[in-house]
Amino acid sequence: MKKTLAAVAVLGAFAGSAFAADVTLYGRIDTGLNFTSNTIEENGVEKVDAQDWGMASGQTTGSRLGVKGTEQISEGLAVGFVLEHGLSSDTGANSDSRFFNRESMVQIISDYGTFAFGRMGVINSDAGTFGFYSGAVNPFGTGWNALPGVGGSLFAAPAARMDNMITYKSPTFAGTTVYAQYSTGADSTKDGFEENSNKFDRYAALGVNFANGGLNLAAVVDWVDEAKVEGTDPEDMYTINIGGSYDCGFAKTYLAAQYFKNANDFGGMKTMYNAAGLTDTWGGVDEMKGFGVALGVDVPAWGGNFLASLGYSDGENETEGDTFDATVYSVSAAYTYPLSSRTNLYVTGAYNNRELKDADWKLEQDEYKVTTGIVHKF
């Protein structure tokens, strides 16, 4: 009897503190079917010819379970947190080895802005609490799984989320919000990890967002201090990103542009290279510079929304002794239909062409992807 009363008291205390802290349990499930056709040729000789179909999770938005909350400390000062776990809804598996892999952070919210500490999305994405850029400049954000947005499938991009991040978000003044980030160690799962060491990647970014009516303008400059290990001294990658969107009522149009330098990968080149099964390990093309541009549209249609994006990126390698040129063409389209405010159906299609070449060698990929599925948010 005493144990029962003690348990009730503990649960009551937790419920009371949760109520005071305004804690919310939330999540979403995205599950559907997909078909992929992938062909890769090296100097005109077929290396890959594969067609695959099956069930997948997170085709338009990552499946997740999260808990978040805030506590008002005083007038003009609050403390909040977000713990968000990614999962594969088709199998129930964790999306990676971390439990709160999508976000794990605490934030201090005041009249002078918000400071956040922990694992979170980079501002040059549309991930998590602070990722604002990609969703402002492309209808697919960083990308709907197989549909390239303005993330690594089309442009040069750092990891969407990083460990040991410090983020500052300013108050919004005259429609303008400023963001700044710094990671003292981007990936703590690496063997022998040392925080704030030049042996492991570090990250910094500065961004600004302006919103006024239907107009939304965004810009981000970010930098990756690349790890220097085993006598290597790679050049640090940086990108300059500008774009925006305009909602005129009957349609919302998007434009994104990027300049990148010293990138290890862009537009899915590394994935294509490795998929071709080439004997050399990807690494010779590790100092690429170039640019990318993407146009997009979101049009209300037949009770839902039609989305489309057309993208192109071009880069060249700067490593001494290696001269490579690379291009990516991408066309993506989707239609989403809401069954309710929390549930929608979708169908998507994409075509991607990638080409990597030097004076006497060429690797080329043609990729087609079709998906359909359902998303439920709670």
Side-chain angles (χ1 to χ4, degrees), residues 26-27 58 61-70 79-88 93-109 113-135 141-143 151-153 155-169 179-207 220-230 232 234-239 241 260 262-266 270 286:
Y26 67 95
T61 182
S63 298
R64 69 197 70 173
L65 179 66
V67 58
K68 60 184 177 182
T70 57
V79 173
F81 74 93
V82 178
L83 299 172
E84 188 172 283
H85 173 63
L87 57 96
S88 297
N94 297 325
S95 59
D96 68 22
S97 60
R98 315 163 201 262
F99 190 76
F100 292 119
N101 45 48
R102 294 182 60 89
E103 196 158 52
S104 174
M105 65 90 172
V106 62
Q107 55 184 330
I108 302 170
I109 308 162
T114 298
F115 281 95
F117 309 88
R119 176 172 172 81
M120 65 196 79
V122 299
I123 60 175
N124 194 15
S125 71
D126 54 357
T129 303
F130 300 103
F132 78 92
Y133 175 78
S134 296
T142 53
S153 296
F155 289 176
R161 298 171 179 83
M162 295 192 182
D163 300 343
N164 306 299
M165 187 81 87
I166 302 169
T167 297
Y168 172 73
K169 177 184 177 183
Y179 298 76
Q181 286 188 316
Y182 177 69
S183 168
T184 60
D187 187 357
S188 60
T189 65
K190 296 279 183 76
D191 291 341
F193 177 75
E194 296 178 34
E195 191 171 350
N196 216 25
S197 164
N198 64 5
K199 297 179 181 179
F200 298 89
D201 288 354
R202 292 172 289 182
Y203 175 79
L206 184 65
V220 170
V221 176
D222 66 2
W223 162 79
V224 178
D225 182 10
E226 295 191 21
K228 299 171 177 60
V229 293
E230 298 180 358
T232 65
E235 298 289 338
D236 295 340
M237 184 186 90
Y238 68 86
T239 71
N241 309 270
F260 59 88
N262 300 326
N264 296 330
D265 186 20
F266 83 95
K270 182 177 180 179
D286 63 355

Any chance you could lay out the side chain to side chain contact (heavy atoms under 4.5 Å, CB included) test for V220 and F132, step after step, and finish with the verdict? CA-CA 10 Å; V220 170; F132 78 92; 3.7 Å; yes

Test log, rule side chain to side chain contact (heavy atoms under 4.5 Å, CB included), inputs I123 and Y133: CA-CA 6 Å; I123 60 175; Y133 175 78; 5.9 Å; no

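Residues that satisfy the side chain to side chain contact (heavy atoms under 4.5 Å, CB included) test with V79, not counting sequence neighbours, are I73, V106. In terms of the salt bridge (Lys or Arg N to Asp or Glu O under 4.0 Å) criterion, E103 has no residue partners (sequence neighbours excluded). Take N198 and apply the side chain to side chain donor-acceptor pair (under 3.5 Å) test, not counting sequence neighbours, and it matches no residue. With sequence neighbours left out, A204 forms a side chain to side chain contact (heavy atoms under 4.5 Å, CB included) with Y182, W223. Residues that satisfy the side chain to side chain contact (heavy atoms under 4.5 Å, CB included) test with L65, not counting sequence neighbours, are L25, L87, F378.
The backbone N or O of G185 sits nowhere less than 3.5 Å from a side-chain atom of D163 that would complete a donor-acceptor pair.
Ring centroids of F260 and F266 are separated by less than 6.0 Å, placing the two rings close together.
Summarising the geometry, atom OG belonging to S125 is positioned 10.0 Å from atom CG belonging to D222; distances are rounded to the nearest 0.5 Å. One finds the CG atom of N264 at 11.0 Å from the CD atom of E235 (value rounded to the nearest 0.5 Å). Note that CZ of R102 is 3.5 Å distant from CZ of R64, once rounded to the nearest 0.5 Å. Rounded to the nearest 0.5 angstrom, Q107 CD and F81 CZ are separated by 10.0 Å. Atom-to-atom distance recorded for I109:CD1 and F115:CZ is 12.5 Å, nearest 0.5 angstrom. The distance from the OG1 atom of T239 to the CZ atom of F155 is 10.0 Å, given to the nearest 0.5 Å.
Counting all heavy atoms, side chain and backbone alike, D191 lies closest to F200 at O-CZ, 3.5 Å. In plain terms, the two heavy atoms of R161 and A127 that are nearest each other are NH2-CB, 3.8 Å. The two residues G152 and A157 come nearest to each other via the heavy atoms N-CB, 3.8 Å. Pairing each heavy atom of T167 with each of Q181, the nearest pair is OG1-NE2, 3.0 Å. Residues S97 and T189 share a closest heavy-atom pair of OG-CG2, 4.4 Å. Across all non-hydrogen atoms, the minimal contact from D201 to A227 is OD1-N, 2.7 Å.
Under the 3.5 Å distance criterion, with hydrogens and angles disregarded, no donor-acceptor pair is assigned to the side chains of N262 and Y238.
Salt bridge annotation for R98-D187: present, with a cationic side-chain nitrogen under 4.0 angstrom from a carboxylate oxygen.
Annotation: side chain of E84 is not in contact with side chain of S104 (no heavy-atom distance under 4.5 Å). A 4.5 Å side-chain heavy-atom check between F100 and R119 finds every atom pair outside the cut-off.
Using the six-membered ring where Trp is involved, H85 and F99 have ring planes that are parallel, under 30° apart on the 30 and 60° scheme.
For the side chain to side chain donor-acceptor pair (under 3.5 Å) with R202, the qualifying choice from N164, T184, D225 is D225, the only one to do so.
Legend: salt bridge (Lys or Arg N to Asp or Glu O under 4.0 Å) pairs involving residues 120-132, not counting sequence neighbours: none detected.
Both the sub-6.0 Å distance and the 45° axial angle are satisfied by K68 relative to the ring of Y26.
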